[in-house]
Asks: 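Next up is a structure, given as structure tokens.
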Amino acid sequence: MIRRREVELAKGEAIALLSRVSIALTQIEIQRMEVVDFGLSDLANCGVQIVPVVETGNIAVRLLVLTPHQTEPEHRHPALGQSRGKEEVIRCEWGELYLYGPGNPTFNPKGRPPLARRATYTVWHEHILHPGGQVAFQPNTPHWFQAGPGGAVIWSFSTKALDLADEFTDPDIVRCTVIVDDGHE
Ligand code: ZN
């Protein structure tokens with residue numbers, strides 16, 4: 001659960017980060033930005049700001065904006081119905097991204113999930129992405145990522161996105177963000 005004020009602050013931070021890249025975005029696309037807290041009510045540490053750019057029945061292109069050290073928690077995109085699950089390419093546009101997937105665990109990784117939730121991060125093979133760097137994940141492959149100290153602007157290119165079907169390793173996570181008006185619980 002996050003407050004409306006937090007959402008507006010996060011959007012402001014994301015817009016400031018987006019101003020550092022020259023990507024043509026319409027006002028409507030910026031207005032569609034989604035602030036996601038994964039139900040953890042700890043947006044500064046666990047969350048992401050998503051700008052949907054292309055969404056058809058088959059493909060999705062999004063800009064993901066992460067504030068400094070903000071983490072998108074470990075998740076997979078499983079098969080659902082006719083879909084074999086979302087295949088996704090994460091590509092860094094601006095900043096530095098610590099991205100993790102299956103493989104040999106990296107010794108002394110740069111990414112630091114919140115300590116209390118560290119047990120819910122199971123893949124530790126590190127890819128450090130700078131602008132132009134990218135990594136592809138097949139459907140149902142666990143992955144997570146964290147921005148470096150200046151934040152990050154990254155692309156997610158994928159097959160059809162079914163966000164509510166995403167499976168998170170952390171059982172406390174719910175993909176649907178609840179926003180409450182300021183002054184109410
Ligand atoms: Zn993903």
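All ligand and atom numbering here is 1-based and tracks the order in the structure. Starting from 1, each residue takes its place in the sequence as its number. Bear in mind the structure is a predicted one, so any value in this text is a computation, not a measurement.
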Asks: Under the criterion side chain to side chain contact (heavy atoms under 4.5 Å, CB included), which of M33, E93, E13 is the partner of L18?
Replies: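 Option passing the side chain to side chain contact (heavy atoms under 4.5 Å, CB included) with L18: M33.
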Asks: Which protein N, O or S atoms lie under 2.8 Å from the Zn ion (ligand 1)?
Replies: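 Protein N, O or S atoms closer than 2.8 Å to the Zn ion (ligand 1): H75 NE2, H77 NE2, E88 OE1, H143 NE2.
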Asks: Measuring only between side-chain heavy atoms, which start at C-beta, is P142 closer than 4.5 Å to F137?
Replies: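 Heavy-atom side-chain distance check fails, nothing below 4.5 Å.
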Asks: Between P52 and R32, which heavy-atom pair has the shortest distance, and what is it?
Replies: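 Closest heavy-atom pair between P52 and R32: CD-O, 3.7 Å.
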Asks: I need the single residue from T177, V180, V178 that forms a side chain to side chain contact (heavy atoms under 4.5 Å, CB included) with I2. Which is it?
Replies: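 Testing each of T177, V180, V178 against I2, the sole residue satisfying side chain to side chain contact (heavy atoms under 4.5 Å, CB included) is T177.
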Asks: Restricting to pairs with a member in residues 34-48, which pass salt bridge (charged side-chain N to carboxylate O under 4.0 Å, His left out), not counting sequence neighbours?
Replies: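 As it turns out, the salt bridge (charged side-chain N to carboxylate O under 4.0 Å, His left out) pairs with a partner in residues 34-48, which skip direct neighbours, are E34-R175.
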Asks: Which residue is it: L17, I30, L25? I am looking for the one with a side chain to side chain contact (heavy atoms under 4.5 Å, CB included) to L63.
Replies: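 Of L17, I30, L25, side chain to side chain contact (heavy atoms under 4.5 Å, CB included) with L63 is met by L25 alone.
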